[in-house]
Chemist: 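The structure that follows is given in the form of structure tokens.
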Amino acid sequence: MGIVSKLRRTAAVAGFAAVAAMVSTAALAAGDTKHPEERDWHFSGIFGTVDVHSAQRGLQVYLEVCSGCHALKQVAYRNLSALGFTEGEIKAIAADFEVTAGPDSEGEMFQRPAIQSDNFVSPFPNEEAAKAANNGANPPDLSLQVKVHPDGANYIHALLTGYADAPDGVEVPDGASYNPFFRGGFIAMPQPLFEDGVEYSDGTAATVDQMATDVVNFLQWTAEPEMQQRKKMGFKVVIFMIILSALLYAGKRKLWANIDH
Amino acid sequence: MSAGNQTPVGNGLVKWIDSRLPVFSYLQKEYAEFQSPKNFNWFWNFGAILTFMLVLMMITGIFLAMQYQPNTELAFDSVERIMRDVNFGWLLRYMHANGGTFFFIAVYIHMFRGMYYGSYKNPRELLWILGVIILVLMMATAFMGYVLPWGQMSFWGATVITNLFSAIPLVGDSIVTLLWGGFSVDNATLNRFFALHYLLPFLIFGVVILHVISLHVSGSNNPLGVDPKGPQDTVSFHPYYTMKDSAGLAIFVTIFAFFVFFAPNFFGEPENYLAAQPLTTPAHIVPEWYFLPFFAILRSINFDIWFIEAKLGGVIAMFGAILVLFVLPWLDKSPVRSAKFRPVYKWFFWIFLLDCLLLGWVGGRAPDDLVFEGLALKVIHLGYLSTFWYFFHFIILLPLLGVFERPKPVPKSISESVLGGGNAGASATAKPMEKA
Amino acid sequence: MSDDTQNHDDHSGSRRDFLYLSAGAFAGVGGAIALWPFVDSMNPSADVLALSSVEVDVSQVEVGQRVTVKWRGKPVFVDRRTPAAIAEAVNTPLSDLRDPETDAQRTDRPEWLVIVGVCTHLGCVPLGQKASEPRGEWGGWFCPCHGSHYDTAGRIRKGPAPLNLPVPEHAFLTDTKIKIG
């Protein structure tokens, strides 16, 4: 496991331990929130990259399953070109959504189909509407969710695949579902992913695990679209700095060679 | 700075400027020819590193300020816009955020160096005080800067810390209202924090100039704590320390670059990627890591002391932890500067360092957590212990050590010590502390 | 003076000097490259560039009608010209023009004129888009600020403006959709 993931895991463990310890009145029968499984991600490590095909499938899952409740407002449709979509495909995806625009020459606001330069249209106009439609719970915007949670990728995958029957003796409140990975154990979101819930356009089998993986790959990209460029540049910069440090250190040694110090 | 261009034109222009504004001769005297002890170790590198980091923070900050919107409706999204749409915006942001962290790493190392080698002692007391002023300005700048992205931690950290001032008797609430510019941390607060965050670094820059001028009056301390006796003990700053500082800076920047490019959120709080929600408090509120020791001290005073309420007690302890640094030169009156020759103090220095790390750890945990599973020891208990030790070290230990410690013999001079293979000089008794 | 200055003045081309030179050059190159992200961050950002072109649906524009579209913060006049207006523009001798351009140079499809509605004198927005506004002596556009007259091809005819109203890069995606920019 790379040093970065080791560091992140340490931070995640610390974070989770703290979070778990805070849970006092939650009826998690087993005690603490379940720790997500460490998975191998295509984007991990110094040379990690976006699995573009998986992310494309993840977009499909987002559009067909998640976008009914969850916004993605930090992402613009035009950003999808980074995932390999053509201009035509992006326009088509955008055109499925309607944006409030205006005012027109009569001073009226009107609806128009979204275009490439628009940001992803939110399912609800504001937080109050979102809560009203979802039993008082606000489905969070997904753009940054992978970064909001420590070890976010593993956490989201675990959450999406982790729905289970509540243990014996534990009563699930109305409007909630049992999920051992969620803090407190009861999550307002009903299980979103089911086998073959989505028909992938590339023919990949849509198991729950596959869809969760694809969604996470997609959401990792929405959270950090610069990741590939950052790591590529980082490699060059760090190598450059190592060489420069070596040159300067050698120069220092030479310069100081005949000084008693 | 050129020791003198050979071309007449270059020389002529330099002379023309210099006779009217002696920049070049000043730099020549204070940076090129300036004599520094030749036995600096790598801990003496951090002053130059800090100067570089200050400039880096100011430059990245200004370019970020070109894009940032200091309004509660727009701030969070403007930072995301920087990350996504501004060319190299992600790089500016990550350099600035991680720059803050590395600025504090460097400043803490720089300060611990000073504490170990007695760099705060006569005649460098004011140098040390100016340094603590810089630290306080850095902390204010960092605190306000962290509010600007308007994430959950930005908002709630600001709320908790500004609320502390209400503990001040009589005028506390008015002060808090004044700080907020309203009835809670809101747009007025954000906007003024942006203005002040932009301003303070220029004040820091000014105090840094005073700090360096003060340093040049006394000259640098060195690992032996023994004043240079003559040119055999020193080298000219250029090229020896310009070169060494460049090398050390390059190594520091290499590590910095690793974090910026490969672990840019390692030191950050994930919760701050959630936009501020004034009606929802996060599970646990933590400041950035460099504030954790002081945060731990604040929370350790959770009991009333006579007529001082716990809240006020915590505030007094927290500010006291910084104020005690100002008077360090008068708490530690040992005539020997360097811990190299203070065997008892040396141990207590390392214990103090561990205590600071422990305080940092305590600050990051919830007070009622158990330290270990199964052992009835809570984090808050370690908080009491480490807070107590922090003040015990400064207020009781240092003055006592200064009087009762028997130091090792101090070398007569730097070069003698170097020639002798690092042995102490032949003097049988500890020398009284040398005046410059 | 200590004897350390000797090293500084040594120009004997030793390995030491080459080392300093390469370290310095390396640092210099790195420093120069490091400046670029700061400068480039001031260039138009991706969201600004995304609005650098706009698609206009002109299916509702009738012959003889003029519409105004916002593009890169500026007004663009789209004029569906009548045959008479086209003929006037085409039949103008170049010697009459301060800024000589044929009508064909300014439009691929003569029926559609697409020009930036910013007067080339000092930047006012010329009148003539609405039927109620004056169109100047050549039936095109009239700038009220200092009295520049533009003809039916948007070319300067009278008044202080030096150049014709600019034609932005544009293309017909379909017969009824124009992409400007």
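Just so we're on the same page: letters track the sequence lines, and every chain starts at 1. Not measured: the values here are computed from a predicted model.
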Chemist: Pick one of side chain, backbone, both or neither for B/Phe88, based on which atoms fall under 4.5 Å of a heavy atom in chain A.
Modeler: side chain

Chemist: Given a strict heavy-atom distance threshold of 4.5 Å, which part of A/Val237 is in contact with chain B: side chain, backbone, both, or neither?
Modeler: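 For A/Val237, side-chain heavy atoms alone lie under 4.5 Å from chain B.
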
Chemist: Measure A/Lys232 against the heavy atoms of chain B and call it side chain, backbone, both or neither at under 4.5 Å.
Modeler: neither

Chemist: Measuring from atom CZ of B/Arg84 to atom CD of A/Glu226, what distance do you get when rounded to the nearest 0.5 angstrom?
Modeler: 8.5 Å

Chemist: Can you list the steps and then say if B/Ser154 with B/Asn272 is a side-chain hydrogen bond (donor to acceptor under 3.5 Å, both in side chains)?
Modeler: CA-CA 7 Å; B/Ser154 306; B/Asn272 221 32; 3.1 Å; yes

Chemist: Give a yes/no verdict on a cation-pi contact between B/Lys244 and B/Trp42, requiring under 6.0 Å between NZ or CZ and the six-membered ring centre and an angle within 45° of the axis.
Modeler: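 Yes, B/Lys244 and B/Trp42 form such a contact.
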
Chemist: Looking only at the aromatic ring of each residue, does the gap between the centers of B/Trp289 and B/Phe295 stay below 6.0 angstrom?
Modeler: no

Chemist: Count the heavy-atom pairs under 4.5 Å between each of B/Ala250, B/Gly268, B/Gly248 and chain A, then report the option with the highest count.
Modeler: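 Highest number of pairs under 4.5 Å: B/Ala250.
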
Chemist: Between chain A and each of B/Ala275, B/Ala257, B/Pro270, B/Pro37, count heavy-atom pairs under 4.5 Å; write down the option with the most.
Modeler: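 Answer, by heavy-atom pair count under 4.5 Å with chain A: B/Pro270.
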
Chemist: Give, as side chain, backbone, both or neither, the part of B/Phe267 having an atom under 4.5 angstrom from any heavy atom of chain A.
Modeler: neither

Chemist: Might you work through the side chain to side chain contact (heavy atoms under 4.5 Å, CB included) test for A/Glu224 and A/Arg230, ending with a clear yes or no?
Modeler: CA-CA 10 Å; A/Glu224 296 191 303; A/Arg230 168 165 57 82; 3.3 Å; yes

Chemist: For each of A/His261, A/Lys147, A/Lys252, tally heavy-atom pairs with chain B at distances under 4.5 Å, and name the one with the top tally.
Modeler: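 Result: the option with the highest number of such pairs is A/Lys147.
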
Chemist: What part of A/Gln145 gets within 4.5 angstrom of chain B, counting heavy atoms only: side chain, backbone, both, or neither?
Modeler: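 Side chain of A/Gln145 only, per the 4.5 Å heavy-atom cut-off to chain B.
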
Chemist: Identify which part of A/Ala223 has an atom lying under 4.5 Å from any heavy atom of chain B, answering side chain, backbone, both or neither.
Modeler: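 For A/Ala223, backbone heavy atoms alone lie under 4.5 Å from chain B.
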
Chemist: Please step through side chain to side chain contact (heavy atoms under 4.5 Å, CB included) for the pair B/Leu56 and B/Phe102, ending with a clear verdict.
Modeler: CA-CA 11 Å; B/Leu56 181 75; B/Phe102 275 75; over 6 Å; no

Chemist: Less than 4.5 Å to any heavy atom of chain A: does that hold for the side chain of B/Phe252, its backbone, both, or neither?
Modeler: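 Neither the backbone nor the side chain of B/Phe252 comes within 4.5 Å of chain A.
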
Chemist: Answer with side chain, backbone, both or neither: which region of B/Asp85 has an atom nearer than 4.5 Å to a non-hydrogen atom of chain A?
Modeler: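 The answer is the side chain of B/Asp85.
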
Chemist: Does the side chain of A/Asp51 come under 3.5 Å of the side chain of A/Asn217 through a donor N or O and an acceptor N or O?
Modeler: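 No donor-acceptor contact under 3.5 Å links the two side chains.
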
Chemist: Chain A heavy atoms under 4.5 Å from B/Leu91: which part of the residue, side chain, backbone, both or neither?
Modeler: side chain

Chemist: Against B/Trp150, only a single residue in B/Phe155, B/Phe76, B/Tyr68 fulfils ring-ring contact (aromatic ring centres under 6.0 Å, His included); can you say which?
Modeler: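 For B/Trp150, the ring-ring contact (aromatic ring centres under 6.0 Å, His included) check succeeds only for B/Phe155.
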
Chemist: Under 4.5 Å from any heavy atom of chain A, what part of B/Val260 do you find: side chain, backbone, both or neither?
Modeler: backbone

Chemist: Are the aromatic ring centres of A/Phe235 and A/Phe47 under 6.0 angstrom apart?
Modeler: yes

